[in-house]
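When reading the values below, keep in mind they use all heavy atoms of this one structure, side chains included, and skip hydrogens, waters and symmetry mates.
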Amino acid sequence: PLPSRFRRSVSPSLQRLVEQRHQRQRADTRQRWLRPLRRLRGRIQTLQWLILPLGYAAIVLIIVLLFILLLFSPWTKVQEIRVIRHDPRVDIARVQHALNPLFGQRMLLLSRADILPLLATSLPDLHDVSVDISYPSRLIIRVTLDALVARMQIDEGEPAAQSGASIQNFLTEEGIYLQYLPSWVPHADELPLIRITDWGVHPIPGDHILSQTFLVNMQKTEEILQRDFGQEITERVWFLRAREFHLRTSEWWIWFDMRDSLEEHLRRYRLFLQSVPREHVQEYIDLRPADRVVYR
(Lines give C-alpha, C1' and ligand atoms only; values in the text may rest on other atoms or scores of the structure.)
Protein backbone atom coordinates (compact mmCIF):
# COMPACT_ATOMS: atom_id res chain seq x y z
CA PRO A 1 0.00 0.00 0.00
CA LEU A 2 1.06 3.57 -0.64
CA PRO A 3 2.02 5.73 2.29
CA SER A 4 -0.79 7.84 3.56
CA ARG A 5 0.79 11.12 2.36
CA PHE A 6 0.72 9.92 -1.24
CA ARG A 7 -2.82 8.62 -1.19
CA ARG A 8 -5.68 10.48 -2.75
CA SER A 9 -9.31 9.75 -2.92
CA VAL A 10 -10.81 8.33 -6.12
CA SER A 11 -13.91 10.05 -7.33
CA PRO A 12 -16.89 7.95 -8.48
CA SER A 13 -16.58 9.33 -12.00
CA LEU A 14 -12.93 8.25 -12.22
CA GLN A 15 -13.80 4.76 -10.90
CA ARG A 16 -16.52 4.40 -13.57
CA LEU A 17 -14.08 5.48 -16.24
CA VAL A 18 -11.54 2.86 -15.15
CA GLU A 19 -14.16 0.11 -15.10
CA GLN A 20 -15.37 1.07 -18.57
CA ARG A 21 -11.79 0.97 -19.86
CA HIS A 22 -11.23 -2.49 -18.37
CA GLN A 23 -14.46 -3.75 -19.91
CA ARG A 24 -13.39 -2.46 -23.33
CA GLN A 25 -10.03 -4.21 -22.96
CA ARG A 26 -11.72 -7.51 -22.08
CA ALA A 27 -14.16 -7.15 -24.99
CA ASP A 28 -11.29 -6.45 -27.37
CA THR A 29 -9.42 -9.51 -26.12
CA ARG A 30 -12.52 -11.70 -26.58
CA GLN A 31 -13.03 -10.36 -30.07
CA ARG A 32 -9.42 -11.11 -31.00
CA TRP A 33 -9.96 -14.76 -29.98
CA LEU A 34 -13.38 -15.10 -31.63
CA ARG A 35 -12.41 -13.49 -34.92
CA PRO A 36 -10.38 -16.52 -36.22
CA LEU A 37 -13.16 -18.85 -35.14
CA ARG A 38 -15.70 -16.85 -37.09
CA ARG A 39 -13.50 -16.90 -40.17
CA LEU A 40 -13.05 -20.69 -39.80
CA ARG A 41 -16.81 -21.18 -39.41
CA GLY A 42 -17.43 -19.16 -42.51
CA ARG A 43 -14.96 -21.23 -44.50
CA ILE A 44 -16.55 -24.48 -43.22
CA GLN A 45 -20.00 -23.30 -44.25
CA THR A 46 -18.59 -22.40 -47.64
CA LEU A 47 -17.06 -25.88 -48.08
CA GLN A 48 -19.92 -27.78 -46.40
CA TRP A 49 -21.05 -29.32 -49.70
CA LEU A 50 -17.63 -31.00 -49.91
CA ILE A 51 -16.93 -31.84 -46.23
CA LEU A 52 -20.16 -33.76 -45.51
CA PRO A 53 -19.81 -36.28 -48.37
CA LEU A 54 -16.15 -36.79 -47.46
CA GLY A 55 -17.12 -37.43 -43.82
CA TYR A 56 -19.78 -39.96 -44.77
CA ALA A 57 -17.37 -41.69 -47.12
CA ALA A 58 -14.75 -41.89 -44.35
CA ILE A 59 -17.25 -43.47 -41.95
CA VAL A 60 -18.31 -46.05 -44.55
CA LEU A 61 -14.67 -46.79 -45.35
CA ILE A 62 -13.87 -47.36 -41.66
CA ILE A 63 -16.82 -49.76 -41.30
CA VAL A 64 -15.77 -51.70 -44.40
CA LEU A 65 -12.19 -51.93 -43.16
CA LEU A 66 -13.34 -53.23 -39.77
CA PHE A 67 -15.55 -55.83 -41.47
CA ILE A 68 -12.67 -56.98 -43.67
CA LEU A 69 -10.42 -57.14 -40.62
CA LEU A 70 -12.91 -59.32 -38.76
CA LEU A 71 -13.54 -61.52 -41.80
CA PHE A 72 -10.03 -62.11 -43.12
CA SER A 73 -7.65 -61.33 -40.30
CA PRO A 74 -5.82 -64.36 -38.86
CA TRP A 75 -6.55 -62.95 -35.41
CA THR A 76 -10.27 -63.68 -35.80
CA LYS A 77 -9.90 -67.38 -36.50
CA VAL A 78 -10.98 -69.89 -33.84
CA GLN A 79 -7.92 -70.57 -31.73
CA GLU A 80 -9.51 -71.53 -28.40
CA ILE A 81 -12.71 -73.39 -27.44
CA ARG A 82 -13.90 -73.20 -23.87
CA VAL A 83 -16.59 -75.65 -22.71
CA ILE A 84 -18.75 -74.70 -19.73
CA ARG A 85 -20.74 -77.52 -18.16
CA HIS A 86 -23.45 -77.46 -15.51
CA ASP A 87 -23.78 -81.26 -15.43
CA PRO A 88 -21.01 -83.70 -14.42
CA ARG A 89 -22.13 -85.99 -17.24
CA VAL A 90 -20.69 -83.61 -19.84
CA ASP A 91 -17.28 -84.97 -20.86
CA ILE A 92 -15.31 -81.82 -21.71
CA ALA A 93 -12.53 -83.72 -23.50
CA ARG A 94 -15.10 -85.51 -25.65
CA VAL A 95 -16.85 -82.26 -26.53
CA GLN A 96 -13.60 -80.54 -27.44
CA HIS A 97 -12.59 -83.49 -29.62
CA ALA A 98 -15.93 -83.28 -31.46
CA LEU A 99 -15.37 -79.56 -32.06
CA ASN A 100 -11.87 -79.95 -33.52
CA PRO A 101 -13.09 -79.14 -37.10
CA LEU A 102 -13.94 -75.63 -35.93
CA PHE A 103 -10.34 -74.63 -35.26
CA GLY A 104 -9.10 -72.21 -37.91
CA GLN A 105 -12.56 -71.18 -39.09
CA ARG A 106 -13.69 -67.55 -39.18
CA MET A 107 -15.44 -66.43 -36.01
CA LEU A 108 -17.78 -64.11 -37.88
CA LEU A 109 -19.13 -66.93 -40.06
CA LEU A 110 -19.84 -69.43 -37.26
CA SER A 111 -23.32 -70.03 -35.91
CA ARG A 112 -25.12 -72.48 -33.63
CA ALA A 113 -26.24 -74.44 -36.71
CA ASP A 114 -22.58 -75.24 -37.48
CA ILE A 115 -21.83 -76.49 -33.96
CA LEU A 116 -24.96 -78.48 -33.13
CA PRO A 117 -24.42 -81.30 -35.71
CA LEU A 118 -20.84 -81.83 -34.53
CA LEU A 119 -21.96 -82.36 -30.94
CA ALA A 120 -25.05 -84.40 -31.82
CA THR A 121 -22.88 -87.14 -33.34
CA SER A 122 -20.85 -87.61 -30.14
CA LEU A 123 -23.47 -86.79 -27.49
CA PRO A 124 -26.65 -88.85 -28.09
CA ASP A 125 -28.35 -87.25 -25.07
CA LEU A 126 -27.65 -83.69 -26.22
CA HIS A 127 -30.54 -81.37 -25.38
CA ASP A 128 -29.32 -77.88 -26.24
CA VAL A 129 -26.20 -75.87 -27.08
CA SER A 130 -25.54 -72.17 -26.58
CA VAL A 131 -22.65 -70.42 -28.30
CA ASP A 132 -20.94 -67.19 -27.25
CA ILE A 133 -18.20 -65.58 -29.33
CA SER A 134 -15.42 -63.82 -27.44
CA TYR A 135 -13.37 -61.86 -29.95
CA PRO A 136 -10.81 -62.11 -31.27
CA SER A 137 -10.42 -65.93 -31.20
CA ARG A 138 -12.37 -67.71 -28.43
CA LEU A 139 -15.58 -69.76 -28.59
CA ILE A 140 -17.52 -70.37 -25.39
CA ILE A 141 -19.80 -73.44 -25.58
CA ARG A 142 -22.47 -74.34 -23.01
CA VAL A 143 -23.88 -77.85 -23.31
CA THR A 144 -27.15 -79.10 -21.79
CA LEU A 145 -28.02 -82.81 -21.69
CA ASP A 146 -31.36 -84.59 -21.48
CA ALA A 147 -32.51 -85.34 -17.96
CA LEU A 148 -32.18 -88.89 -16.63
CA VAL A 149 -35.45 -90.45 -15.50
CA ALA A 150 -34.51 -93.99 -14.46
CA ARG A 151 -31.77 -96.49 -13.75
CA MET A 152 -31.83 -99.63 -15.89
CA GLN A 153 -31.06 -103.27 -15.30
CA ILE A 154 -30.78 -105.22 -18.55
CA ASP A 155 -32.00 -108.77 -18.04
CA GLU A 156 -29.37 -111.07 -19.52
CA GLY A 157 -30.02 -114.14 -17.39
CA GLU A 158 -27.07 -113.15 -15.18
CA PRO A 159 -26.54 -110.60 -12.44
CA ALA A 160 -26.37 -107.11 -13.90
CA ALA A 161 -23.19 -106.29 -11.99
CA GLN A 162 -21.23 -108.66 -14.24
CA SER A 163 -21.18 -106.01 -16.99
CA GLY A 164 -19.05 -103.76 -14.77
CA ALA A 165 -19.61 -102.87 -11.15
CA SER A 166 -18.41 -99.29 -11.62
CA ILE A 167 -20.77 -98.51 -14.51
CA GLN A 168 -24.53 -98.04 -14.23
CA ASN A 169 -27.20 -98.04 -16.92
CA PHE A 170 -29.52 -95.04 -17.23
CA LEU A 171 -32.43 -93.91 -19.37
CA THR A 172 -33.05 -90.33 -20.48
CA GLU A 173 -36.40 -88.61 -20.82
CA GLU A 174 -36.14 -89.15 -24.59
CA GLY A 175 -35.81 -92.95 -24.14
CA ILE A 176 -32.05 -93.13 -24.85
CA TYR A 177 -29.97 -95.79 -23.10
CA LEU A 178 -26.67 -94.53 -21.62
CA GLN A 179 -23.95 -95.66 -19.26
CA TYR A 180 -22.30 -93.45 -16.64
CA LEU A 181 -20.19 -93.72 -13.56
CA PRO A 182 -22.35 -93.26 -10.45
CA SER A 183 -20.23 -90.25 -9.47
CA TRP A 184 -21.26 -88.51 -12.69
CA VAL A 185 -24.96 -88.66 -11.84
CA PRO A 186 -26.00 -86.69 -8.73
CA HIS A 187 -28.67 -88.48 -6.67
CA ALA A 188 -28.52 -91.56 -8.90
CA ASP A 189 -29.92 -93.75 -6.11
CA GLU A 190 -33.12 -91.67 -6.08
CA LEU A 191 -34.00 -92.63 -9.66
CA PRO A 192 -36.45 -95.54 -10.09
CA LEU A 193 -34.95 -98.88 -11.15
CA ILE A 194 -36.40 -100.54 -14.27
CA ARG A 195 -35.62 -104.03 -15.51
CA ILE A 196 -35.44 -104.38 -19.29
CA THR A 197 -36.19 -107.75 -20.87
CA ASP A 198 -37.50 -109.31 -24.11
CA TRP A 199 -35.06 -107.41 -26.31
CA GLY A 200 -34.33 -108.67 -29.83
CA VAL A 201 -30.87 -107.13 -30.19
CA HIS A 202 -28.90 -106.32 -27.07
CA PRO A 203 -29.12 -102.53 -26.57
CA ILE A 204 -25.88 -100.57 -26.62
CA PRO A 205 -25.23 -97.15 -25.05
CA GLY A 206 -26.64 -94.40 -27.24
CA ASP A 207 -29.52 -96.48 -28.62
CA HIS A 208 -33.01 -95.03 -28.62
CA ILE A 209 -34.76 -98.02 -27.07
CA LEU A 210 -38.10 -96.50 -26.00
CA SER A 211 -40.39 -93.89 -27.41
CA GLN A 212 -41.17 -90.87 -25.29
CA THR A 213 -44.87 -91.79 -25.46
CA PHE A 214 -44.19 -95.19 -23.91
CA LEU A 215 -42.13 -93.62 -21.14
CA VAL A 216 -44.69 -90.93 -20.34
CA ASN A 217 -47.50 -93.50 -20.37
CA MET A 218 -45.76 -95.69 -17.80
CA GLN A 219 -44.88 -92.74 -15.54
CA LYS A 220 -48.47 -91.52 -15.66
CA THR A 221 -49.71 -95.03 -14.83
CA GLU A 222 -47.53 -95.10 -11.70
CA GLU A 223 -48.82 -91.71 -10.57
CA ILE A 224 -52.48 -92.73 -10.98
CA LEU A 225 -52.02 -96.05 -9.20
CA GLN A 226 -50.45 -94.27 -6.26
CA ARG A 227 -52.88 -91.35 -6.18
CA ASP A 228 -56.23 -93.03 -6.96
CA PHE A 229 -55.64 -96.57 -5.72
CA GLY A 230 -53.07 -96.01 -2.97
CA GLN A 231 -50.69 -98.60 -4.46
CA GLU A 232 -46.97 -97.88 -4.33
CA ILE A 233 -44.87 -99.33 -7.17
CA THR A 234 -41.93 -101.42 -5.97
CA GLU A 235 -40.70 -103.02 -9.24
CA ARG A 236 -40.89 -102.25 -12.94
CA VAL A 237 -40.30 -104.54 -15.92
CA TRP A 238 -40.34 -103.44 -19.57
CA PHE A 239 -40.77 -105.88 -22.46
CA LEU A 240 -39.26 -104.14 -25.47
CA ARG A 241 -40.43 -106.34 -28.32
CA ALA A 242 -43.90 -106.93 -26.86
CA ARG A 243 -44.24 -103.19 -26.06
CA GLU A 244 -45.70 -103.81 -22.62
CA PHE A 245 -44.73 -103.11 -19.03
CA HIS A 246 -45.44 -104.83 -15.71
CA LEU A 247 -45.68 -102.94 -12.45
CA ARG A 248 -45.28 -104.60 -9.06
CA THR A 249 -47.29 -103.29 -6.13
CA SER A 250 -47.13 -104.51 -2.55
CA GLU A 251 -49.97 -106.97 -3.38
CA TRP A 252 -49.51 -108.18 -6.96
CA TRP A 253 -48.18 -107.53 -10.45
CA ILE A 254 -50.26 -105.50 -12.93
CA TRP A 255 -49.69 -106.05 -16.64
CA PHE A 256 -50.18 -103.23 -19.19
CA ASP A 257 -49.49 -102.86 -22.90
CA MET A 258 -49.55 -100.08 -25.50
CA ARG A 259 -52.38 -101.39 -27.66
CA ASP A 260 -55.13 -99.78 -25.58
CA SER A 261 -55.17 -96.40 -23.92
CA LEU A 262 -54.22 -95.89 -20.30
CA GLU A 263 -57.77 -94.81 -19.46
CA GLU A 264 -59.13 -98.09 -20.82
CA HIS A 265 -56.67 -100.15 -18.76
CA LEU A 266 -57.54 -98.30 -15.58
CA ARG A 267 -61.26 -98.65 -16.27
CA ARG A 268 -60.85 -102.44 -16.44
CA TYR A 269 -58.74 -102.41 -13.30
CA ARG A 270 -61.32 -100.39 -11.40
CA LEU A 271 -64.15 -102.70 -12.46
CA PHE A 272 -62.05 -105.72 -11.50
CA LEU A 273 -61.41 -104.39 -7.99
CA GLN A 274 -65.13 -103.75 -7.57
CA SER A 275 -66.17 -107.26 -8.63
CA VAL A 276 -63.39 -109.59 -7.39
CA PRO A 277 -62.29 -109.86 -3.74
CA ARG A 278 -58.67 -108.92 -3.21
CA GLU A 279 -57.85 -112.16 -1.43
CA HIS A 280 -58.56 -114.09 -4.63
CA VAL A 281 -55.55 -112.49 -6.36
CA GLN A 282 -52.20 -114.01 -5.42
CA GLU A 283 -49.77 -113.26 -8.25
CA TYR A 284 -50.86 -110.92 -11.08
CA ILE A 285 -53.67 -109.05 -12.83
CA ASP A 286 -53.49 -109.01 -16.63
CA LEU A 287 -55.22 -105.96 -18.16
CA ARG A 288 -54.03 -106.60 -21.71
CA PRO A 289 -57.05 -108.54 -23.13
CA ALA A 290 -59.70 -106.22 -24.50
CA ASP A 291 -62.76 -108.26 -23.45
CA ARG A 292 -61.79 -109.58 -20.00
CA VAL A 293 -59.35 -109.31 -17.11
CA VAL A 294 -57.17 -112.32 -16.37
CA TYR A 295 -55.77 -112.87 -12.91
CA ARG A 296 -54.01 -115.52 -10.91
Side-chain angles (χ1 to χ4, degrees), residues 87 89 124-128 144-155 160 168-180 185-200 203 205-276 278 280-296:
D87 192 324
R89 294 187 290 142
D125 54 340
L126 180 66
H127 179 71
D128 193 17
T144 305
L145 302 181
D146 290 331
L148 299 178
V149 296
R151 292 175 293 142
M152 286 179 26
Q153 176 184 337
I154 300 178
D155 190 357
Q168 288 189 2
N169 302 320
F170 294 93
L171 191 74
T172 72
E173 60 184 356
E174 299 293 332
I176 298 175
Y177 161 47
L178 297 170
Q179 286 186 334
Y180 289 114
V185 183
H187 313 294
D189 295 337
E190 299 178 5
L191 296 175
L193 178 63
I194 300 171
R195 184 159 57 93
I196 303 294
T197 187
D198 189 36
W199 39 268
D207 283 350
H208 193 283
I209 62 175
L210 288 175
S211 66
Q212 192 173 17
T213 303
F214 189 99
L215 190 58
V216 171
N217 196 22
M218 199 208 72
Q219 292 174 334
K220 188 176 179 181
T221 302
E222 288 192 35
E223 294 174 1
I224 294 176
L225 288 176
Q226 182 177 1
R227 184 188 66 228
D228 297 348
F229 298 91
Q231 294 180 318
E232 190 77 24
I233 303 303
T234 59
E235 294 183 53
R236 306 160 187 85
V237 179
W238 290 349
F239 295 81
L240 293 184
R241 287 187 299 180
R243 301 186 72 249
E244 62 184 60
F245 58 92
H246 298 179
L247 302 178
R248 171 72 176 177
T249 69
S250 57
E251 299 175 284
W252 47 64
W253 285 93
I254 308 176
W255 297 359
F256 299 86
D257 62 19
M258 295 296 293
R259 285 187 292 272
D260 293 330
S261 65
L262 173 61
E263 291 75 13
E264 180 63 23
H265 282 106
L266 294 177
R267 185 189 66 81
R268 297 175 199 161
Y269 187 53
R270 189 174 287 105
L271 291 175
F272 175 81
L273 293 179
Q274 293 173 356
S275 57
V276 177
R278 288 177 176 262
H280 289 182
V281 182
Q282 299 180 357
E283 186 173 343
Y284 65 82
I285 300 174
D286 187 357
L287 302 176
R288 297 174 302 171
D291 56 346
R292 62 186 182 276
V293 175
V294 179
Y295 69 96
R296 180 178 181 182

Query raised in the report: Any donor-acceptor pair under 3.5 Å linking the side chain of Asp87 with the backbone of Arg89?
Result: yes
Atom of [X], atom of [Y] and distance for their closest heavy-atom approach:
X: Pro289; Y: Val294; value: CG-CG2, 4.1 Å
X: Ala150; Y: Ile194; value: CB-CD1, 3.5 Å
X: Asp260; Y: Arg288; value: OD2-O, 4.1 Å
X: Glu283; Y: Arg248; value: O-NH1, 4.1 Å
X: Leu145; Y: Leu126; value: CD2-CA, 4.1 Å
X: Gly206; Y: Leu178; value: N-CD2, 4.0 Å

Requested in this report: Might you work through the side-chain contact (heavy atoms from CB on, under 4.5 Å) test for Phe245 and Thr221, ending with a clear yes or no?
Outcome: CA-CA 10 Å; Phe245 58 92; Thr221 302; 3.8 Å; yes
Would a 4.5 Å heavy-atom cut-off, applied to side chains only, mark [X] and [Y] as touching?
X: Glu251; Y: Val281; result: no
X: Trp238; Y: Leu171; result: yes
X: Ile209; Y: Ile176; result: no
X: Asp198; Y: Glu244; result: no
X: Met258; Y: Asn217; result: yes

How long is the straight-line distance from [atom2] of [Y] back to [atom1] of [X], given to the nearest 0.5 Å?
X: Leu215; Y: Leu210; atom1: CG; atom2: CG; result: 6.5 Å
X: Leu191; Y: Leu148; atom1: CG; atom2: CG; result: 6.5 Å
X: Leu266; Y: Ile224; atom1: CG; atom2: CD1; result: 5.0 Å
X: Leu273; Y: Phe229; atom1: CG; atom2: CZ; result: 6.0 Å
X: Glu235; Y: Ser250; atom1: CD; atom2: OG; result: 12.0 Å
X: His208; Y: Asp125; atom1: NE2; atom2: CG; result: 11.5 Å

Requested in this report: I would like to know whether Gln168 and Val185 meet side-chain contact (heavy atoms from CB on, under 4.5 Å); could you show each step before the answer?
Outcome: CA-CA 10 Å; Gln168 288 189 2; Val185 183; over 6 Å; no
**Report entry** side-chain contact (heavy atoms from CB on, under 4.5 Å) evaluation trace for Gln219 with Val149
**Finding:** CA-CA 10 Å; Gln219 292 174 334; Val149 296; 3.8 Å; yes
Query raised in the report: Thinking salt bridges, do Asp155 and Arg195 make one under a 4.0 Å N-O criterion?
Result: yes
Query raised in the report: Does the pair Glu264/Arg268 count as a salt bridge with the N-to-O cut at 4.0 Å?
Result: yes
Requested in this report: I would like to know whether Val237 and Trp253 meet side-chain contact (heavy atoms from CB on, under 4.5 Å); could you show each step before the answer?
Outcome: CA-CA 10 Å; Val237 179; Trp253 285 93; 3.8 Å; yes
Query raised in the report: Which of parallel (below 30°), tilted (30 to 60°) and perpendicular (above 60°) describes Phe170 and Tyr180?
Result: tilted
Query raised in the report: Which word best sums up how the rings of His265 and Phe256 line up, parallel for under 30°, tilted for 30 to 60°, or perpendicular for over 60°?
Result: perpendicular
Query raised in the report: Which of these passes ring-ring contact (aromatic ring centres under 6.0 Å, His included) with His246: Tyr284, Trp255, Trp252?
Result: Trp255
Query raised in the report: Has Arg292 got more than 12 heavy atoms of other residues, nucleotides or ligands less than 6.0 Å from its CZ?
Result: no
